[in-house]
Amino acid sequence: MTTPFHHEPGAVPGPVPPPECPAHSPGLGTGGLRRYYGPEAENDPAGLYAKLRAEHGAVAPVLLHGDVPAWLVLGHNENLHLTRTPSQFSRDSRRWRALQDGSVAQDHPLAPIFTWQPVCAFADGDAHERLRGAVTDSMERIDTRGVRRHVNRFSNRLVNDFCEKGGAELVAQFAEHLPMMVMCAIFGMPEEYNDRMVQAARDMIRGTETAVESNAYVVAALTRLVERRRASPEEDFAGWLVAHPAGLTDVEVAEHLRLILIAAYESTANLIANVLRMVLTDPRFRARLSGGHMTVPEAVEQTLWDEPPFTAVFGRWAVGDTELGGQQIKAGDALLVGIAAANTDPAVRPDLMANMEGNRAHLAFSGGPHECPGQDIGRAIADVGVDALLMRLPDLELGVEESELRWVGNIMSRHLVDLPVKFAPSPQQEIDADPLASGAARPHARTDWEVSSPAVPRPTTGSAAGPQPGYAPAGVRIASPAPPTAPDDPPGIPAQRGGPARIWQTVARWWSGR
């Protein structure tokens, strides 16, 4: 069914619905359209997607904060078309009609998300290629194997904070901190890592009253970093962006750092929490891990289908009048890439309990020319971080009933409020305190980075080149003809207690090709 935006500025208001009318539901707003914010959207997004599909099909009109109209794209194929056709659907938010006519103010709660910035995420064509090229070239210079070692080190440092207590809250004490520690190190600003940065990064995309203030805090920290790198170049991600031949201005560098930091942090924090929750609560995960039929990377990939870290991306803006999913889209309309909705589209996934192993058709990292360029970094942090945690605490159990777990959502993401766990207390582990001194890639580093959650195990025998070095679970060494392990490798994890440790022994054998 097609429902036009009757509540657009200047439209003649319709009759007021009677008190018993469903239009008075908290989930409905102006014109009887469903709100993509508030209790219903946050508490039962899957139920909201089902209602919208039943009422409108693959593309549904919804209301954002302040009852601002937008289109939520629910269909998998429709989302692919949306992301792959910039000639019809631009990333330039200045095209938004609601901004042009003043119905959306610059202090809107979602302003940190939609306000145009000189970054590749808001550009198309040649401008996008120039800015995106600087980002991807700089990412290619990251020492990905070194980053894995430091993810392991940071993970164990966090586990040391609670391993002796026999209980922890894994969202606040692990998932929310690990990605920020890693990204601050990669950027070259480890001194900026603190609780305030962690909370600001989450707050600024939630549409809260303090979102603009939190955004200002993050931008100020990144601006200081850019100023330091302009005055004193260093071999880190910020330094590479400053020195890139594309000639980015200081504002462009700072805004790209902001974009990457927030996207990488929010998505990876959610991904880690979701993987841990599914390992602790979903019988499919626990049984298949214990039987050696699923690896941690495969668990991550399944989670990207079931609980993608970003539920939607705002947004795209129609270049001209067009049609999508049976709806008439007008020039200047705003559209949301419905990631979670697309991942559960009955047209491509009729059985939501089906095993999606080996299938990377999910849209967890969006698609098209704006597909997330740092998705392998996010996978690496989640793969290595979750593995390091479970190696240290193999008897980890949920500390409350699953029904007691709580969620907080917004138009872009949905994440656990907390994840209480219990385990047998264990001693702290000595951790190498050396910082991430250099993020520069060693020769051929990209060919060694096997942390992108391979869907199918890669054979390591029978090759003319012989077995290739790769990532092993913490404390497990891979036998190969490669030179001895570098002295800056993290110390081995002490021998694990009996029982579930065999899970990770099976994983280690898989990684080693045995």
Check: Arg379 and Leu304 side chains under 4.5 Å, non-hydrogen atoms: yes
Report yes or no: does Asn194 contribute a side-chain atom to a donor-acceptor pair with the main-chain N or O of Met197 at less than 3.5 Å? yes
Crowded around Asp126 CG? As in, over 12 foreign heavy atoms under 6.0 Å? no
Step-by-step side-chain contact (heavy atoms from CB on, under 4.5 Å) determination, Ile186 to Ile142: CA-CA 8 Å; Ile186 290 174; Ile142 295 173; 4.0 Å; yes
Heavy-atom closest pair, residues Arg414 and Asn43: NH2-O, 4.4 Å
Phe174 side chain near Leu419 side chain, heavy-atom distance below 4.5 Å: no
With a 4.0 Å cut-off, would you call Glu266 and Arg202 a salt bridge? yes
Dump the intermediate steps for side-chain contact (heavy atoms from CB on, under 4.5 Å) on Leu33 and Val62, then the final yes or no. CA-CA 6 Å; Leu33 298 183; Val62 295; over 6 Å; no
Do the side chain of Glu169 and the main chain of Ala172 share a donor and acceptor less than 3.5 angstrom apart? yes
Taking the six-membered ring of Trp317 as reference, does the cationic atom of Arg95 (NZ for Lys, CZ for Arg) lie under 6.0 Å from its centre and within 45° of its axis? no
Between Tyr265 and Val198, is the side-chain contact (heavy atoms from CB on, under 4.5 Å) condition met? List the steps. CA-CA 9 Å; Tyr265 169 73; Val198 169; 3.1 Å; yes
Judged by modelled atom types alone, do Glu301 and His362 share a side-chain donor-acceptor pair under 3.5 Å? yes
Residue that, paired with Ile272, satisfies side chain to side chain contact (heavy atoms under 4.5 Å, CB included) out of Asn270, Thr268, Asn274: Thr268
Ring centroid separation Phe122 to His128 under 6.0 Å: no
Checking side-chain polar atoms at under 3.5 Å, does Asp92 have a donor or acceptor matched by the opposite partner on Ser90? no
Ignoring hydrogens and geometry, is there a side-chain-to-backbone donor-acceptor pair from Ser93 to Phe114 under 3.5 Å? yes
Rounded to the nearest 0.5 Å, how far does CG of Leu336 lie from CG of Leu64? 5.5 Å
Heavy-atom nearest pair, Ala254 first then Leu222, reads O-CD1, 3.9 Å
Hey, mind stepping through Trp96 and Phe314 against ring-ring contact (aromatic ring centres under 6.0 Å, His included) and telling me if it holds? CA-CA 12 Å; Trp96 195 5; Phe314 182 57; 5.4 Å; yes
Tell me if a side-chain donor or acceptor on Gln375 pairs with a main-chain N or O of Cys372 at a distance below 3.5 Å. yes
Any idea which heavy atoms bring Ser214 and Asp203 closest together, and the distance? OG-OD2, 2.6 Å
The reported gap from CZ in Arg94 to CG in Leu99 (rounded to nearest 0.5 angstrom) is 11.0 Å
Using salt bridge (charged side-chain N to carboxylate O under 4.0 Å, His left out), reason through Asp306 and Arg349 one step at a time and then give a plain yes or no. CA-CA 11 Å; Asp306 296 340; Arg349 198 178 174 195; 2.4 Å; yes
Would you please say whether a donor-acceptor pair under 3.5 Å links the side chains of Asp195 and Gln199? no
Using a 4.5 Å cut-off on heavy atoms from C-beta on, say whether the side chain of Arg224 contacts that of Met189. no
Answer yes or no: does atom CD of Glu323 have more than 12 heavy-atom neighbours from other residues, nucleotides or ligands under 6.0 Å? yes
Output, in order, the C-alpha distance, side-chain angles, deciding distance and verdict of side chain to side chain donor-acceptor pair (under 3.5 Å) for Trp71 and Asp333. CA-CA 8 Å; Trp71 298 97; Asp333 278 358; 2.9 Å; yes
For Ala134 and Leu241, which heavy atoms make the closest approach, and how far apart are they? O-CD2, 3.6 Å
Tell me, do Met183 and Ile260 make a side-chain contact under 4.5 Å, heavy atoms counted? yes
Taking Arg229 first and then Asp236, would you say they form a salt bridge - that is, a charged N and a carboxylate O separated by under 4.0 Å? yes
Between Glu234 and Arg228, is there a salt bridge with N-O shorter than 4.0 Å? no
Counting distance only, does the side-chain N/O of Arg91 pair as donor-acceptor with the main-chain N or O of Ala121 below 3.5 Å? yes
Could you state the interatomic distance from CD (Glu176) to CE (Met181), rounded to the nearest 0.5 Å? 13.5 Å
When rounded to the nearest 0.5 angstrom, what distance separates CD in Glu235 from CG in Asp143? 12.0 Å
side-chain contact (heavy atoms from CB on, under 4.5 Å) evaluation trace for Val68 with Tyr37: CA-CA 11 Å; Val68 176; Tyr37 69 97; over 6 Å; no
Which class fits the ring pair His150 and Phe154: parallel under 30°, tilted 30 to 60°, perpendicular over 60°? tilted
Between His56 and Gln327 (side chain of the first, backbone of the second, donor and acceptor by atom type, cut-off under 3.5 Å), is there such a pair? no
Do the ring planes of Tyr49 and Tyr36 sit parallel (below 30°), tilted (30 to 60°) or perpendicular (above 60°)? tilted
Just wondering, more than 12 heavy atoms not from Arg84 lying within 6.0 Å of its CZ? no
Arg130 vs Glu252 side-chain heavy atoms within contact, under 4.5 Å: yes
Phe237 and Ser138 have their tightest heavy-atom pair at CE1-CB, 3.6 Å
When you measure from the side chain of Arg132 to the backbone of Ala123, do you find a donor-acceptor pair of N or O atoms at a distance under 3.5 Å? no
Rounded at 0.5 Å granularity, tell me how far OG1 in Thr223 sits from CD in Glu255. 7.5 Å
If the threshold is 4.0 Å, N to carboxylate O, is there a salt bridge linking Arg148 and Asp387? no
Rounded to the nearest 0.5 Å, how far apart are CD of Glu78 and OG1 of Thr83? 11.5 Å
Between Asn79 (side chain) and Val337 (backbone), is there a donor-acceptor pair under 3.5 Å? no
Please check if the side chain of Thr344 supplies one atom and the backbone of Ala340 the other of a donor-acceptor pair under 3.5 Å. yes
Do His256 and Gln117 meet the criterion of a side-chain donor-acceptor pair at a distance under 3.5 Å? no
Is the shortest side-chain heavy-atom distance between Asp107 and Val212 below 4.5 Å? no
Would you check if there is a donor-acceptor pair between the side chains of Glu371 and Ser366 at a distance under 3.5 Å? no
pair Val59-Leu74: side-chain heavy atoms closer than 4.5 Å: no
Going by heavy atoms in the side chains, are Arg53 and Pro346 under 4.5 Å from each other? yes
Counting only N and O atoms by type, is there a donor-acceptor contact under 3.5 Å from the side chain of Asn343 to the main-chain atoms of Leu363? yes
For His81 and Thr85, which heavy atoms make the closest approach, and how far apart are they? O-OG1, 2.7 Å
